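Accompanying notes for the structure given below.
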Amino acid sequence: MQPDFSARLLNWYDQYGRKNLPWQQQVTPYRVWLSEIMLQQTQVNTVIPYFEKFTQRLPTISALAQASEDEVLHLWTGLGYYARARNLRKSAQLIKANYQGELPAELTALEALPGIGRSTAGAIMALGFHKQATILDGNVKRLLARYFGISGWPGQTAVARALWEKAETLTPDQRVAEYTQAIMDIGATLCTRSKPQCTNCPFKADCSAHQNGNTADLPGKKPKKKMPVKTTYLLLMENSQGELLLEKRPPNGIWPGLWSFPESATDDPATLLGLFQQYGLEAQTPQALATFRHTFTHFHLEITPLQVKCQQTQHQLREANQKIWYDLAQPVEIGLTRPVTRLMTELKLQRDKS
DNA sequence: AAATCGGGGTA
DNA sequence: TACCCAGATTT
């Protein structure tokens, strides 16, 4: 089909590819796995500091398996899609139990682990074990859709099937690790979503989209649907020492396992009073702060923070009760959500001013 | 404000 | 298999 595709790609990679990313140093299957999970839905530059900190704290699969969920979520705080972190820890425990603590070098065994799908399994095989295996991440999908002129949204089964077919056909059995890194790299740096640098691309002579001038239309876009807007109130309850009440969220619903401010569907005074009584707290009148919007994949959440000063002075809350007083000056290591860290930053600024 | 990104769970 | 779900960043 395209016998020199891989040769040309590797030639490009030798000259222009990235070789200094943290997970390209001291390459191990564990580091490849961790980086691939972090890189799902997240850009390289965002991932780098998280990867450094995570591997420093949990350098082995065994350490990850033994870490508490709070510690793992703490290391993930700010990255988003927290199920990735919970799956990572769960998989580490399964690897310890079933594979003597080492990732299995088998595609099907990898895919059976939570959080590892077809593409991530391929990446671990190729990059971590140097075995012939194929990846198809967002960068590769974009490049192949353009190169072969495959139209339609890659989320559609038929389109995905066509892309996988091309991806597998192209994957060489020589230098497969470098090839895998290269095809992701060229997608991320040259064959970008907007304004691709076709002039510098080794495939410009036979790229369908470049020939037809339709790079902007490939790959096809996801059909968009209007997202509902929900509203909620977050209670910023401060005790007399300025500590904040946090609750660990239940294992279902939104933000499972993460710690957040107590939530109320309403700011009705009687309802709030009932809530304060449940917590055993004597509270002053809540002060509403500016409403802001947090966007999820399927809805917007309009959050109105309610600042509540409480009389409570003692550390009476029990961890077993899934509640803690959180000291901004000496934070404990738990997983927090974006709206919560954002509000904490605002509170700190507010305090520094007064 | 809109687009993006890989995988899990369920019917 | 089809469809729904989960966050933060970049454009």
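Note that the coordinates shown come from a computational prediction; the quantities given were computed from them, not determined experimentally. Reminder, nothing fancy here: chain letters follow the sequence lines and each chain counts from 1.
- Rounded to whole Å, atom C1' of B:dT4 lies 16 Å from atom CG of A:Leu218.
- Counting heavy atoms from C-beta outward, A:His294 and A:Lys230 have side chains that stay 4.5 Å or more apart.
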* Just by protein heavy atoms under 4.0 Å, how would nucleotides 3-11 of chain C read 5' to 3' in B, S and -? -> -SBBBBSS-

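- As judged by a 4.0 angstrom heavy-atom cut-off over every strand, A:Arg142 is placed among residues touching the sugar-phosphate backbone only.
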* Output, in order, the C-alpha distance, side-chain angles, deciding distance and verdict of salt bridge (charged side-chain N to carboxylate O under 4.0 Å, His left out) for A:Glu333 and A:Arg57. => CA-CA 12 Å; A:Glu333 301 194 327; A:Arg57 286 281 292 269; 2.7 Å; yes

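- Pairs engaging residues 26-53 of chain A under the ring pair (Phe, Tyr, Trp, His ring centres under 6.0 Å) rule: A:Trp23-A:Phe51 [sequence neighbours left out].
- At least one side-chain heavy atom of A:Phe54 sits under 4.5 Å from a side-chain heavy atom of A:Trp76.
- Inter-residue side-chain proximity for A:Val229 and A:Arg293 is flagged as met; some heavy-atom pair is nearer than 4.5 Å.
- As judged by a 4.0 angstrom heavy-atom cut-off over every strand, A:Lys141 is placed among residues touching the sugar-phosphate backbone only.
- The cationic group of A:Arg8 does not satisfy the cation-pi geometry with A:Phe203, failing either the under 6.0 Å distance to the six-membered ring centre or the 45° limit from the ring axis.
- Within a heavy-atom distance below 4.0 Å of DNA chain B, the residues of residues 108-127 of chain A found are A:Leu113, A:Pro114, A:Gly115, A:Ile116, A:Gly117, A:Ser119, A:Thr120.
- Side chain to side chain, A:Thr42 and A:Arg84 meet the donor-acceptor criterion of an N or O pair below 3.5 Å.
- Listed by chain and residue number, A:Arg249 satisfy the salt bridge (charged side-chain N to carboxylate O under 4.0 Å, His left out) test with A:Glu263 (two or more places apart in sequence, or in another chain).
- The salt bridge (charged side-chain N to carboxylate O under 4.0 Å, His left out) check on A:Glu111 picks up nothing, with sequence neighbours excluded.
- Taking atom CZ of A:Arg161 as the reference point, atom C1' of C:dA2 lies 13 Å away to the nearest angstrom.
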Each nucleotide N or O in nucleotides 9-11 of chain B that has a protein N or O under 3.5 Å away: list the pair and distance.
none

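- Connection of A:Ile183 to A:Leu218 is not established within any shared hydrophobic cluster, with ILVMFWY side chains joined at heavy-atom distances below 4.5 Å, either directly or through further cluster members.
- Within the 4.0 Å cut-off from OP1 or OP2 of B:dG8, not a single side-chain nitrogen or oxygen of A:Arg84 is found.
- Residues A:Leu110 and A:Thr120 form no side-chain contact, since every pair of their non-hydrogen atoms from C-beta on lies 4.5 Å or further apart.
- Between the CG atom of A:Leu39 and the P atom of B:dC5 there is a distance of 13 Å, rounded to whole Å.
- If you measure from atom CD1 of A:Ile135 to atom P of B:dG6, you get 9 Å, rounded to the nearest angstrom.
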